[in-house]
Amino acid sequence: MMTMAHAAAGAAIAHAIRSPVLAMAACVGAHALLDLPRHEDLDHRSEAVLAIATGALTAALFGLRSREFWGGFVCAAPDLEHVLRPNARRLFPTHRYPRLHACLPTPNVSAPTQVAVSGGTLALVTLRDGRG
Ligand SMILES: [Zn+2]
């Protein structure tokens, strides 16, 4: 999935799981699971803009020290290797082994769908948190 979708999913996971250790472990696992369905990815610049916007929105909604912000960061973090190690062999399994990326025969999840679901996810978490 797009980095934005990973960040929104991580915020929701961290909101739902009270234990920080379990929440962060679930966020890393969720990144791998979210990379499995067929999906659209954008160019690195567009991904970066949307990911930074999602991080800023999450920080504004929940605070920089919130588990929602850090869950989003941790869930999205494996995609940093695309930026920090652009020409190196990938480390995260769903990036390293191409047959694991977008390998499930699901309908293709388009970028606009991912943006809409990510925004909806953050809205629901905000409402559940009593801030909406
Ligand atoms: Zn990924």
Side-chain angles (χ1 to χ4, degrees):
M1 294 290 168
M2 292 166 42
T3 307
M4 172 189 212
H6 291 299
I13 290 166
H15 182 79
I17 300 176
R18 293 278 172 199
S19 162
V21 173
L22 287 178
M24 296 309 136
C27 286
V28 174
H31 187 108
L33 292 175
L34 288 169
D35 273 350
L36 299 180
R38 290 181 53 233
H39 61 273
E40 181 179 7
D41 286 315
L42 301 177
D43 61 273
H44 291 314
R45 178 181 296 238
S46 300
E47 290 272 358
V49 167
L50 289 170
I52 290 168
T54 304
L57 178 61
T58 306
L61 289 170
F62 303 100
L64 272 176
R65 300 178 73 166
S66 68
R67 63 181 195 272
E68 290 85 358
F69 174 80
W70 287 103
F73 179 84
V74 167
C75 195
D79 281 350
L80 281 173
E81 71 175 329
H82 299 305
V83 176
L84 300 177
R85 308 175 70 241
N87 299 315
R89 188 168 184 199
R90 300 294 186 246
L91 300 172
F92 198 71
T94 54
H95 304 158
R96 184 172 187 136
Y97 304 108
R99 70 175 170 234
L100 291 178
H101 194 256
C103 65
L104 293 180
T106 61
N108 190 48
V109 184
S110 69
T113 298
Q114 292 180 62
V115 171
V117 171
S118 298
T121 298
L122 288 178
L124 286 174
V125 173
T126 303
L127 289 172
R128 279 186 47 95
D129 197 47
R131 297 174 201 231

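Keep in mind that this is a model prediction, so the values were computed, not measured.
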Heavy-atom closest pair, residues Arg38 and Pro105: CD-CA, 4.5 Å
Mutual orientation of the aromatic rings belonging to His6 and His31 [parallel < 30°, tilted 30-60°, perpendicular > 60°]: parallel
Backbone of Cys103 reached by a side-chain donor or acceptor of Arg99 within 3.5 Å: no
Over all atoms of both residues, closest heavy-atom pair of Glu40 and Asn108: N-OD1, 3.7 Å
Interatomic spacing from OG1 in Thr54 to CG in Leu122 - rounded to 0.5 Å: 6.5 Å
Full working for side chain to side chain donor-acceptor pair (under 3.5 Å) between Thr126 and Asp129: CA-CA 5 Å; Thr126 303; Asp129 197 47; over 6 Å; no
Phe92 CZ to Asp35 CG distance, which is reported to the nearest 0.5 Å: 7.0 Å
Cluster link Leu50 to Leu34, ILVMFWY, side chain under 4.5 Å: no
Straight-line distance of Arg96 CZ to Glu81 CD, nearest 0.5 Å: 9.0 Å
Hydrophobic cluster identity match, Val125 and Leu57, side-chain contacts under 4.5 Å: yes
Closest non-hydrogen atom pair between Leu100 and Leu36, with its separation: O-CD2, 3.1 Å
Considering all heavy atoms, the nearest Ala26-Ile17 contact: CB-CD1, 3.9 Å
Check: Ile13 main-chain N/O paired with His15 side-chain donor or acceptor under 3.5 Å: no
Side-chain (Trp70) to main-chain (Pro20) donor-acceptor, under 3.5 angstrom: no
Considering all heavy atoms, the nearest Ala14-Ala23 contact: CA-CB, 4.0 Å
Exercise: identify the closest heavy-atom pair between Gly71 and Cys27: O-SG, 3.5 Å
Leu33 reachable from Leu104 in the ILVMFWY side-chain graph, under 4.5 Å edges: yes
Polar side-chain atom of Glu47 near backbone of Asp41 as donor-acceptor pair, under 3.5 Å: no
Approximate separation, where rounding is to 0.5 Å, of Thr94 OG1 and His101 NE2: 6.0 Å
Audit row: Ser118, Thr121, side chain to side chain donor-acceptor pair (under 3.5 Å) steps and yes/no: CA-CA 5 Å; Ser118 298; Thr121 298; over 6 Å; no
Leu84 with Ile52, same ILVMFWY side-chain cluster at under 4.5 Å: no
CZ (Phe69) with more than 12 external heavy atoms under 6.0 Å: yes
Any donor-acceptor pair under 3.5 Å from His95 side chain to Arg90 backbone: no
Gln114 side chain vs Met2 backbone, donor-acceptor pair below 3.5 Å: yes
Met1 with Val28, same ILVMFWY side-chain cluster at under 4.5 Å: no
